[in-house]
Amino acid sequence: MPSASCAGSWWAATPTTCSPASVLFVSATPRVRIAPSPTGYFHVGTGRTALFNWLFARQTGGTFILRIEDTDTARNRPEHTEGIKRALLWLGLDWDEGPYFQSERADLYAAAIDKLIASGAVYACDCTAEQIAERAKERGGPPGYDGYCRDRGLEPDVGRILRFCVPKGESGFHDLIRKDVSKDNNDVEDFGVRKSNGDPLFILANVVDDADMAITHVIRGADHVSNTHKYLLLWRALGYGPEPIFAHLPLINNQQGKKLSKRRDKVAVEDYRDDGYMAEALRNYLALLGWSPGDDREILSVEEMIAEFRLENVKSAPAKFDEVKLTSVNSEYLRALPVDELVSRAQAWQLDRWEPIAPLVQERARTFADVYSLTDFLYRTEPVIDQAEWDKAVRKSPGFAGILDAAATRYATIEWDAASIHDATVAAGTEAGVGQLGKAQAPVRLAVTGRSVGPPLWESLELLGRDRTIARIHAALERLQAGRATG
RNA sequence: GGCCCCAUCGUCUAGUGGCCUAGGACACCACCCUCUCAAGGUGGAGGCACGGGUUCGAAUCCCGUUGGGGCUGCCA
C-alpha cells in the first residue's frame, strides 16, 4: 500500500476521523437527492432508494432533488433521462428541484480539481491498467493501485489521470442504518478523481454536487458504503463544512441472493409496469423491503408511509425480491380499485367489451395482464385451446360430447341471460347423465373459452352471445370427431 | 486474495434482556363455501445458522466459527 508522501500536506490540520459533532449536525430543512445514471432502464433498487428519499423529504418538509449523474460522456444518452423521469413519475415520486445534469456542471468540478491540485491533495499518474496489474502481481499483494506515481511529480496535464493522495488515518463514519462503519485508510487506495481525458470521475462529481446542493442526508444503496470513505476524504480535502448524514439501504437481491442484474433478472421498473403491475402496489411492496411500520400491516397508503417511515427502522440485511409476493400485493390493490377505474386503467392491455363482467374478472385477476387472459375469449375469433388441457378434459369427462350436444340444442331456444343459461346447462348435464353442475359446465367452458378456469360461465356466455357460443360448441364437437378419427 | 458488511419460517418481516412453548404476511397443504377459478373462512406444516461466553434470565449483549453479500474500474 502507499507509503510515500505526497507533495502537499493538506490533511495535517484536518481531522481524519468522523467527528461526533458532524453526525449531530441537522439542517432545519433536509435536502436529499436521487442520483441515477442514465443507463437505459430504471432499476427497482433505484426505485426503492428514490422512494425512501422521497418519503423522508415529504415527511420532514425537506427537498427532494433529482440529479442525473451523466459524467461518463461515452455512455450518456439524453433520451435515457426521459425514462428516468417517466419511471419516477409513474411511481408517484415527484421531485422539487432538478433534474440537474452533471454534464452541464463541468466548471464546478474543474474548480474543485484545481483546488485539490493547489493543495497537493491529488497527483498525476500515467500508469496503464496493465502496469498496475503487473506490479500487483509482482509484489503478490492484492490488486489495486499502489501509489506508484505519488512522488514522481508529474504535471497534472490532460492525458494523465489525477489520483487522490489518501492520507494515513481512518475514515470510518456513522450510518443511520448500519451504525458505525470503520475503515483504515491503508485499505483505501489512491482513487482517481479525474480521467485522463479531463472528465471528472463519479466520486468527485458526487461530492462536489452534494456540497453544492447542500445535501444534508445521503440516502443510497449499500453498494456505496465503500465509496463513502473516499467521499469523506474528498469532502474534507475540499474544505466543505459539516458532512451530510449517511444512510445506506440494504441491497435488493434476486432469489439466489445475488445482486439483481439486468442480464438475468427482471430489474426494470418499466418491466413491471408493462407486465400489468400497478404503481401503487410496486411502491407498497418496495417500501416493505427493508422497512416495516413495526406492526402487522402489509398494505399501507402513501400517506401512512410518509407519516410513519423512519430511516432508523430500516434493516441492514439485504432482502430478496419476491415477485410472487409482489403479485399478491398487486392483487389486493387491483381488487380495491373502483370498477370503472379498473376498466380504464386496464385499457392499455387492449381489452374490449369486457365491462359487463369486469366485477367478476376483478376478483380473479392479479395483474392487468391477467385481466386480458381472463377475458381473451371475448376478443378472439376462436378460443385458443390447449391440446393437453383438452385431452385431459375429454378423458376425465365421459359425458363430454353428450353435454355439448345437449347444451347447443337447448341454448338455441332459451332466453339469452345468465339465469337461463344456467338452467339449460343443468338440464343438458342431466340429459347426458352428469348430475353435478361443476362437471356439466366444464366441457362447455373449455369449448367456448378454451380454458378450464375463468370468470363465472353464465355471465361470460351471455356477454359472448348466443351465436358465437353455439358455433364454438359445434366446433368443439367437430374437434372431438376429428380426434376420434385419428386417435 | 484484501477490506467492509450482514445473519428470525422457503420469501418479506415483528421482536431492541423477562410479555416468545417467537407474532404476521406471501407461498404451500387440508377442510368449508362454491358452476370452474378466485375471493372469503377454519385449521396445519415451517424459523431464531453453529459454538462459546455475559446474565437470575438471551432471538435480543460480547467473542469465535460457518454461511451469504458488497466493494476492490480512467462505470456510476
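No hydrogens, no waters, no symmetry mates; every other heavy atom, side chains included, goes into these values. As the structure is a computational prediction, the values presented were derived from the model and not from experiment. Below, chains carry the letters A, B, ... as their sequence lines are ordered, and counting in each starts from 1.
- Not a single donor-acceptor contact under 3.5 angstrom links the side-chain atoms of A:K325 to the base of B:A27.
- Distances shown here put a side-chain N or O of A:K195 below 4.0 Å from the OP1 or OP2 atom of B:C75.
- In terms of modelled atom types and a separation under 3.5 Å, the side chain of A:W291 and the main chain of A:V314 share no donor-acceptor contact.
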5' to 3', nucleotides 37-44 of chain B under a 4.0 Å protein heavy-atom cut-off (B base, S sugar-phosphate only, - none) gives BBSS----
Close N or O pairs between protein and nucleotides 46-51 of chain B (under 3.5 Å):
none

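- Residues A:Y277 and A:Y333 place their aromatic rings such that the two centres sit no closer than 6.0 Å.
- Distance CD1 (A:I403) to P (B:U36): 14 Å, rounded to an integer number of Å.
- The side chain of A:S316 has B:C6 as its nearest neighbour among B:C6, B:G70, B:G2.
- Of the candidate nucleotides B:C35, B:U16, B:G24, B:U16 has the atom lying nearest to any side-chain atom of A:N313.
- The residue A:D295 sits apart from the nucleic acid: no heavy atom pair falls under 4.0 Å.
- With both pairing distances under 3.5 Å, B:A76 is matched to nothing as a Watson-Crick or G-U wobble pair.
- Distance from the side chain of A:I161 is smallest for B:C74 among the nucleotides B:A7, B:C74, B:A76.
- The stacking criteria are not both satisfied for A:H224 over the base of B:G70, which would need a centre-to-centre distance under 5.5 angstrom and an angle between ring planes under 30 degrees.
- Take A:R263 and apply the side chain to side chain contact (heavy atoms under 4.5 Å, CB included) test, not counting sequence neighbours, and it matches A:S261.
- In the interface, the side chain of A:S196 is paired with the base of B:C74 through a donor and an acceptor atom under 3.5 Å apart.
- Within the 4.0 angstrom heavy-atom criterion, only backbone atoms of the sugar-phosphate kind lie near A:A317; the bases stay farther away.
- Between A:W349 and A:F368, the ring planes lie tilted relative to each other; the angle falls in the 30° to 60° range.
- Nucleotides B:A25 and B:C32 have their P atoms positioned 22 Å apart, rounded to a whole Å.
- Remark: the A:N206 side chain and the B:A76 base include no donor-acceptor N/O pair separated by less than 3.5 Å.
- Between the side chain of A:H43 and the main chain of A:G45, a donor-acceptor pair closer than 3.5 Å is present.
- Regarding contacts with the backbone of B:C35, every side-chain N or O of A:K439 stays at 4.0 angstrom or more from both OP1 and OP2.
- Atom C1' of nucleotide B:C26 and atom NZ of A:K320 are separated by 15 Å, given to the nearest angstrom.
- Closest to the side chain of A:D223, from the set B:G70, B:C35, B:G23, is B:G70.
- Here the straight-line distance linking atom CZ of A:R366 with atom CD of A:E332 works out to 9.5 Å at 0.5 Å rounding.
- In this structure, A:L457 and A:F321 both approach RNA chain B, and ranking their closest nucleotides by distance from the 5' end singles out A:F321.
- Among the atoms of the strands shown, base atoms are found under 4.0 Å from some heavy atom of A:E298.
- Taking the nucleotide of RNA chain B with the nearest heavy atom to each of A:R163 and A:L289, the more 5' of the two is matched to A:L289.
- Legend: residues meeting side chain to side chain contact (heavy atoms under 4.5 Å, CB included) with A:T430, ordered by chain and number and at least two apart, are A:V426.
- Aromatic pair A:H217/A:F52: centroids not less than 6.0 angstrom apart.
- In the model, A:N330 has no side-chain atom that pairs as donor or acceptor with a side-chain atom of A:Y272 under 3.5 Å.
- Close to B:C3, at under 4.0 Å from its OP1 or OP2, lies no side-chain N or O of A:K183.
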Per-nucleotide protein contact along nucleotides 61-69 of chain B, 5' to 3', at a 4.0 Å heavy-atom cut-off (B base, S sugar-phosphate only, - neither), is --------S
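- Looking at A:Y100 and A:D209, their side chains never bring a donor and an acceptor atom within 3.5 Å of each other.
- Pairs passing the salt bridge (charged side-chain N to carboxylate O under 4.0 Å, His left out) check and including a residue from residues 389-407 of chain A, sequence neighbours excluded, do not occur.
- Between B:C29 and B:C61, the two C1' atoms lie 40 Å apart (nearest whole Å).
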